Participant: 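Below is the structure I would like to discuss, written out as structure tokens.
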Amino acid sequence: MATRSTSSSTSEPASTRPPPPFVEVAPSVYEIPTSYRSDMRVPARIFASPETLPGLLADHSVEQLVNVTTLPGIVGAACGMPDMHEGYGFPVGGVAATALPDGVISPGGIGFDINCGVRLLVSNLEHKAIAARVEGLVHELSRSVPSGAGRGGRWSFAGKKLDRILEGGAGALVREHEVGTASDLEAIESGGALEGADASAVSERARQRGADQLGTLGSGNHFLEVQVVDEVFDEGAAGRLGLVVGRVAVLVHSGSRGLGHQVCTDHVRLMDGVMQRYGIHVPDRQLACAPLSSPEGQQYFAAMCAAANFGFANRQLIAHLVRDVFRRMFGERDGFLRLIYDVGHNTAKIEKYEGKKVCVHRKGATRAFGPGSRDVPAAYRDIGQPVFIPGSMGTSSFVCVGTEHGSEASFGSTCHGAGRQMSRTAAKKKVTGQALRKELEGRGIVIRCASNAELAEEAPAAYKDVDRVVDVVAAAGIARKVARLRPLGVVKG
DNA sequence: ATGTTC
């Protein structure tokens, strides 16, 4: 089994080892040259500032990023976003592009929660007008959207219906189940469906785990937040997105639940078994991979795309449940929620860089294409693709847009959140869920969650400072700040 | 992230 790391150096605390040699190659961009370790194929590029770099050295994420640079077929550099932290094999907040056709694809470079992502909806409501109803609103949302580990919902999909969701993503729900509208699809990355999906590549077990989980939040850092637009940094871009100070918005953060998790588990196991046959040697068993052109690579890619489509459909159904609540409480007109955009941060996609096709792994990294890209919705094409960077629970979230510079510096990617600075277990030792709940309520934030113990894992103290993380991506020029949103209420598992 | 060790 490939569940344990075989890299001997990851068994010692990160702090006891000398830091690798960093070279500042541009403002807020550091590189570790290939001379650092003989097995590196490309440099490791880390987006950081003098203030955030020490934090990145506190766990094994930098070493993991160096390990990623050894993958066969990797091009350019392995990139670490400013919210990077330790993950399974690859760091969370990591980007790696491998050249087609023989470069590898590695499930660890996408993560267990395939197409975990964020969607932002905006209402016509003024916070001032509904301030007294926020508690009731959050309560109703928590009743309508199931959350918590292992939780299923009222909807269940199997057989051909599930096949069409796995291959058609959010569009299958729009077309067959009257969940949302066709115009929603224009505001979803890749139109809400990745082309490479093949339902038959998804195991029966994965299908069973996912059957009743569409339209559910899950647990961990997944949440649904009612927010108010707090500050606008770029009037032009904010206006285009429909973000006006004082306006109420809803941020949904969820993924492909047990289905995506099982797809990752299935294929890590398969690849671990065939790596040697392809003559691939990696410094950490958790980097299990296979050439994208191999049967194992193709199977995983097809299953991963199908799980990603399940993720898009999940957020589509959650948004549908949220819209129902808003409509019931505020009426058809005032309660209308327009989808601004939906973007994932755990996928691998075939994209073109410098004229060559590459497989871009993004794990805890958000696609952030710049102005002019055909993959950006026409309505936003001149400002760049919207990107959402949620802070930790109860802290501000940022809306950004991608930049042209990002396509050369980070394969069109930026950070995905604040990023952990404390493990889940460490967080539980430091704070109790009860105390955290009191603190949030003291700041006027309504909170509904299934488990107090899990609440503690998501304490703001367990995360990096999102303001600093966003300042780094802005300084490095891989995203542009548009607006900040402040939480009014949180629903989580 | 996850029916939190098939």
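So you know, we letter chains A, B, ... as the sequences are listed, proteins then strands, and number each from 1. Quantities reported herein were computed from a predicted structural model and do not represent experimental measurements.
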Participant: Nearest whole angstrom, please: distance from the C1' of dT2(B) to the CZ of Arg269(A).
Facilitator: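 To the nearest whole Å, that distance equals 13 Å.
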Participant: Just to be sure I understand the rule, does Arg205(A) reach a base, reach only the sugar-phosphate, or reach nothing, if contact means heavy atoms closer than 4.0 Å?
Facilitator: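 Base, at least one base heavy atom under 4.0 Å.
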Participant: Quick one: Tyr88(A) OH to dT5(B) C1', roughly how many Å, whole number?
Facilitator: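 So the OH-C1' distance, Tyr88(A) to dT5(B), works out to 13 Å.
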Participant: Take atom CZ of Phe112(A) and atom P of dT2(B), then tell me their distance rounded to the nearest Å.
Facilitator: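 To the nearest whole Å, that distance equals 12 Å.
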Participant: Less than 6.0 angstrom separating the ring centers of Tyr88(A) and Phe112(A), yes or no?
Facilitator: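 Yes, close enough.
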Participant: Report which part of the nucleic acid Gln213(A) touches: base, sugar-phosphate, or nothing (heavy-atom distance under 4.0 Å, all strands).
Facilitator: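 If one applies the 4.0 Å heavy-atom cut-off, Gln213(A) turns out to touch the sugar-phosphate alone, with no base involved.
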Participant: I'd like to know if the side chain of Glu441(A) and the backbone of Ile447(A) have a donor-acceptor N/O pair within less than 3.5 Å.
Facilitator: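 Not a single qualifying donor-acceptor pair exists.
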Participant: Is the shortest side-chain N/O distance from Arg257(A) to OP1 or OP2 of dT2(B) below 4.0 Å?
Facilitator: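 Yes, Arg257(A) has a side-chain N/O under 4.0 Å of OP1/OP2 on dT2(B).
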Participant: Specify the separation, in whole Å, of atom CD of Gln208(A) and atom P of dC6(B).
Facilitator: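 Value for this atom pair: 16 Å.
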Participant: Specify the separation, in whole Å, of atom CG of Asp272(A) and atom P of dC6(B).
Facilitator: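 Asp272(A) atom CG is separated from dC6(B) atom P by 17 Å.
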Participant: Report the distance from atom CG of Leu259(A) to atom P of dT2(B), rounded to the nearest whole Å.
Facilitator: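 In whole Å, dT2(B) P and Leu259(A) CG are 12 Å from each other.
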Participant: Of the nucleotides dT2(B), dT4(B), dC6(B), which one has an atom closest to the side chain of Glu454(A)?
Facilitator: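 So the nucleotide nearest the side chain must be dT4(B).
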Participant: Can you say whether the rings of Phe411(A) and Tyr353(A) are parallel (under 30°), tilted (30 to 60°) or perpendicular (over 60°)?
Facilitator: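 Plane angle over 60°, so perpendicular.
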Participant: Using a heavy-atom cut-off of 4.0 Å across all strands, would you classify Gly220(A) as base, sugar-phosphate, or nothing?
Facilitator: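 Since only primed, P, OP1 and OP2 atoms lie under 4.0 Å of Gly220(A), the category is sugar-phosphate.
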Participant: Closest-nucleotide mapping onto DNA chain B: is Ala149(A) or His222(A) further toward the 5' terminus? I mean the 5' end.
Facilitator: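 That would be His222(A).
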Participant: Starting from C1' on dC6(B), measure out to CD on Gln262(A) and report it in whole angstrom.
Facilitator: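 Computing the Gln262(A):CD to dC6(B):C1' distance gives 10 Å.
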Participant: Verify the ring-centre separation between His416(A) and His253(A): is it less than 6.0 angstrom?
Facilitator: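 No, too far apart.
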Participant: Can you tell me the distance, in whole Å, between the CD atom of Glu204(A) and the P atom of dC6(B)?
Facilitator: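 Spelled out: CD on Glu204(A) to P on dC6(B) is 19 Å.
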Participant: Taking 4.0 angstrom as the limit, do Arg424(A) and Glu458(A) come out as a salt bridge?
Facilitator: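 Salt bridge flag = yes for Glu458(A) with Arg424(A).
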Participant: Side-chain N or O of Ser219(A) less than 4.0 angstrom from OP1 or OP2 on dT2(B)?
Facilitator: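 For dT2(B), OP1/OP2 do have a side-chain N/O of Ser219(A) under 4.0 Å.
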Participant: Using a 4.0 Å heavy-atom cut-off across all strands, classify Gly258(A) as base, sugar-phosphate, or nothing.
Facilitator: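 Touches sugar-phosphate only.
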